[in-house]
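Below is one structure, written out as structure tokens; comments come after it.
Everything quoted here is computed from the prediction, not taken from an experiment. Here is how names work: the chains are called A, B, and so on, in the same order as the sequence lines, proteins then strands, and each is numbered from 1.
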Amino acid sequence: MLTKEQIAQRIAQELQDGWYVNLGIGIPTLVANYIPEGIEVEFQSENGILGMGPFPTEDEVDADLINAGKQTITALPGASFFDSATSFAMIRGQHVQLTVLGAMEVAENGDIANWKIPGKMVKGMGGAMDLVASADNIIVAMMHTNKRGESKLLKKCTLPLTGVNCVKKIVTNLAVLEVLPEGGFKLIERAPGVSVEEIQKATEGKLIIEGEIPEMKF
Amino acid sequence: MLTKEQIAQRIAQELQDGWYVNLGIGIPTLVANYIPEGIEVEFQSENGILGMGPFPTEDEVDADLINAGKQTITALPGASFFDSATSFAMIRGQHVQLTVLGAMEVAENGDIANWKIPGKMVKGMGGAMDLVASADNIIVAMMHTNKRGESKLLKKCTLPLTGVNCVKKIVTNLAVLEVLPEGGFKLIERAPGVSVEEIQKATEGKLIIEGEIPEMKF
Amino acid sequence: MNKVVKDAHEACKDIQDGMTIMLGGFGLCGIPENSIAELVEKEVTGLTCISNNAGVDDFGLGLLLKKHQIKKMVSSYVGENDEFERQMLSGELEVDLIPQGSLAERCRAGGAGIPAFFTPAGYGTEVAEGKEVREFNGKPHILETALTADFAIVKAWKGDTEGNLIYKATARNFNPLMAMAGKITIAEVEELVPAGELDPNEIHTPGIFVQRIFQGKDYEKRIEKKTIRKD
Amino acid sequence: MNKVVKDAHEACKDIQDGMTIMLGGFGLCGIPENSIAELVEKEVTGLTCISNNAGVDDFGLGLLLKKHQIKKMVSSYVGENDEFERQMLSGELEVDLIPQGSLAERCRAGGAGIPAFFTPAGYGTEVAEGKEVREFNGKPHILETALTADFAIVKAWKGDTEGNLIYKATARNFNPLMAMAGKITIAEVEELVPAGELDPNEIHTPGIFVQRIFQGKDYEKRIEKKTIRKD
């Protein structure tokens, strides 16, 4: 089973040179720590920066320079600042090549739910609905099951949706899966030491297994 | 009968302190020469400048600084440059308080035609359709009749329209007229030495004359 | 065209109970601190506030919430505020949640005279309920309408006497869009300079969108999540 | 993320017959001179050009018109060009005339993933023919759709190796909007600098919108109507 860091590390293998990438809060944020050698990517944060750098040192902290998670950040050489409409023009206009975000539930048709739990305080969708409706390439980073041990990969989402038919790939603590256009989670890789049976057991939606399923490599 | 300069001068009397104003080419451009004492207005040119100044001296000429008529200009202190979408956001969003433009025909319901003559080379509408459809306050500056002596203030426009129900006021070489919401040209002022009869004769559309019509004052 | 007023008190003098107000900022970054303090002081109530977030318990719009001055919030994310939660759950506070990109674009549209536009964001979710759906390029979109406000209140880094504004870094966020969409737009700035001192090429909000400007004071610029690296 | 190419020749290498190309500029102000010269040199034909104007007889897009490389022009105003007039009247050239503000907004929409929007411009005129009409706030509007292009070619004053651009004065015009709307966007600049030399706060077009950038040369910057005052 993968740690959160390893999920991020596995997702980082998907990065391609020259991509602009938007990382959600939580596990997705960690992806920035594992950019493969020889690959250059640039991070967009939807509050209005391209070319987001690492957290600042104590001396560098600037209240006017934060990311979408409201954390203080730095700007790399070549960065740019812009307003929120331009920021979402980049997202909606598909100029951002990859979006990585967390989810509470993903359905076998690519539907995603990650913003609202009925009966609980609703904090709002922030930019998540724009991101999932727009991105050509969405990877969900999440645990395979919830705290009660129930599958988060479902036939149909039970929570209010964030977007429909949009998730293309999922990386969990157990596996890498693709959402097929015709529906279903196609198993691509297993986490080291995790069996196909374990993944099957943790997956409520339709799991498609073809041939040998390799273990992830790091 | 007014000269073109006097038409511009009369229109300039309509200016109010603090207004942003867009002037079309031809007579409207001349309005900038007659801003009343004690009044501050700022000129917008739709290619992307607010705070347009006078023409440059030979030394000041800058190919990157022109107005919508493609003439070289200067920028006053407090000017700003912006892209064409922002420029028309100002116009469409009614942030510009007054638009002055020329016309080939105006109808008694406020329709205007000023961009196309069937059978002749069509140069295009440029920003005219956006301006007339958006502005709250449009003054047309034109001769009362065309070169063949025919009225340009009509019951109905004969040329392809630029916009509908939009003209509020007209200043010609003969008169100042308001277009009433219910239709008709209400005569407000006569040019010095021009009789109501002369204006009536030169106006094909419904002319509304109430009481004494004063002469314009300069 | 001098638009300078003395302070937040003068700038906000005609903001009245029941009005709709847009407030710039993302989290606590780039919020109009002086004007918010003035609205608290003024005890104006029944406000509809359009702001991406709702502040924290003791800063930003949280200060107005605490005094029950807000009737309705229009935001994309409101999650750092206990009092907000309490008022929402008890039904004292109406909340309209809007996807962040749609919120930004709807403000811009309001300022730009675009009454409505299609966006893919929110299709198939509760955000789309009651909205027209139309397919473009094989993909469903929903029709969203423009937002405007009686007052927009923005915070900039530098401004001049004609209302031209320059924002700093990510404190720009919603400020330029809301500046376009206010019937009256108030700008508070960290540094107010005479017209002509800002480079016309570097202006983010042209003065035409701003009706009143003042030199703000005592900016706290509170940081929500100070995150530092050690090296 | 180095996007620098050697010159216009390399930047335009895969522009092919029949493609749709957006070109920035207003009149001859802010046009991509180097790239236009390269397209002439390349003899690519059957182009659909989206550009606010069509150049003059011997400069700007007029050079492409003269060699019959343009099949269709999409513009708001085309009136300074005799060859244009001849080709249009003879039916050799298709022309789609669009109100200037709608042209600008349609390019922005294309880049921003907004497939369509309502505008009042053109209602009741031939521009509205075949378009949906809807009333908002008691005023009729027409539905306009987004524009995109195979290539957008823009001209900036300064640019960096990551494609960030700064325009000068009114040479900005359509350039930033078209930069957003190209599947591939080419930027030619008067001054190309290393990433980090432009202030991130002053950038007009963030590099994400630009795929190729090169240092242009021999800019003529012809003036259409030199108008001077004597004092």
### Task
Measure the spacing between NZ of K168(D) and CD of E190(D) and express it to the nearest 0.5 Å.
7.0 Å
### Message
Can you tell me which portion of S80(B) sits under 4.5 Å from chain D's heavy atoms? Options are side chain, backbone, both or neither.
### Response
neither
### Task
Decide whether D199(D) and N201(D) meet the rule of one side-chain donor and one side-chain acceptor closer than 3.5 Å.
no
### Query
Picking from D130(B), D62(B), I73(B), which has the most non-hydrogen pairs under 4.5 angstrom with chain D?
D130(B)
### Query
Is chain D contacted by the side chain of A75(B), its backbone, both, or neither, given a heavy-atom distance below 4.5 Å?
neither
### Message
Taking D82(D)'s backbone N and O only, do any of them form a donor-acceptor pair with D57(D)'s side chain (distance below 3.5 Å, no angle check)?
### Response
yes
### Summary
The interface call for P160(B) against chain D, heavy-atom contacts under 4.5 Å, is side chain
### Query
So which of M88(D), E126(D), H204(D) has the biggest tally of heavy-atom pairs under 4.5 Å with chain B?
E126(D)
### Query
Pick one: which of L177(B), V167(B), I208(B), L180(B) meets side-chain contact (heavy atoms from CB on, under 4.5 Å) with F185(B)?
L177(B)
## Note on the structure
Answer key: most heavy-atom pairs under 4.5 Å with chain B among R108(D), R106(D), K139(D) is K139(D)
#### Entry: Heavy-atom proximity to chain D below 4.5 Å, by part of V132(B)
neither
### Message
Under a 3.5 Å threshold, yes or no: a donor from one side chain and an acceptor from the other, between N47(B) and S45(B)?
### Response
yes
#### Entry: Residues which pass ring-ring contact (aromatic ring centres under 6.0 Å, His included) with H144(B), listed by chain and number, not counting sequence neighbours
none
### Polar side chain donor-acceptor pair, T158(B) to E105(B), under 3.5 angstrom
yes
### Query
With respect to chain D, which residue among G69(B), G126(B), A133(B), G127(B) yields the maximal number of heavy-atom pairs within a distance under 4.5 Å?
G126(B)
### Task
Answer yes or no: is there a side-chain heavy-atom contact under 4.5 Å between K226(D) and E58(B)?
yes
### Task
For chain B, find which of V95(D), I98(D), N81(D) contributes the most heavy-atom pairs closer than 4.5 angstrom.
I98(D)
### Task
Measure E220(D) against the heavy atoms of chain B and call it side chain, backbone, both or neither at under 4.5 Å.
neither
### Query
Which atom names give the shortest non-hydrogen contact between L147(D) and A181(D), and what distance separates them?
O-CB, 3.7 Å
### Summary
Turns out that what part of F55(B) lies under 4.5 Å from chain D's heavy atoms comes down to both
#### Entry: Test log, rule side-chain hydrogen bond (donor to acceptor under 3.5 Å, both in side chains), inputs S134(B) and Q94(B)
CA-CA 6 Å; S134(B) 308; Q94(B) 306 194 327; over 6 Å; no
### Message
Is K230(D) close to chain B through its backbone or its side chain, or both, or neither, when contacts mean heavy atoms under 4.5 Å?
### Response
neither
### Query
Between S76(D), G124(D), A121(D), which has the largest tally of heavy atom pairs under 4.5 Å with chain B?
S76(D)
### Interface moiety of L28(D) toward chain B, non-hydrogen atoms closer than 4.5 Å
neither
### Task
Return yes if a side-chain donor-acceptor contact under 3.5 Å exists between S35(D) and E188(D), otherwise no.
yes
### Message
Counting only non-hydrogen atoms closer than 4.5 Å, does N175(D) touch chain B with its backbone (N, CA, C, O), its side chain (CB onward), both, or neither?
### Response
neither
### Task
May I ask you to name which of A171(D), A169(D), S75(D) has the most heavy-atom pairs under 4.5 Å with chain B?
A169(D)
#### Entry: Toward chain D: residues of residues 3-37 of chain B with heavy atoms under 4.5 Å
none
### Summary
Under 4.5 Å to a heavy atom of chain D? For N67(B) that would be backbone
#### Entry: Where at least one partner belongs to residues 89-122 of chain D, residue pairs that pass ring-ring contact (aromatic ring centres under 6.0 Å, His included), sequence neighbours excluded
F118(D)-F136(D)
### Task
Not counting sequence neighbours, which residues clear salt bridge (charged side-chain N to carboxylate O under 4.0 Å, His left out) with E46(B)? List them please.
none
### Message
Using side-chain contact (heavy atoms from CB on, under 4.5 Å), reason through V154(D) and I186(D) one step at a time and then give a plain yes or no.
### Response
CA-CA 6 Å; V154(D) 302; I186(D) 296 168; over 6 Å; no
### Task
Among the options W157(D), Y77(D), Y123(D), F174(D), pick out the one with the most heavy-atom pairs lying under 4.5 Å from chain B.
Y77(D)
## Note on the structure
Looking only at heavy atoms, the pair that brings D58(D) and L63(D) closest together is O-CD2, 3.4 Å
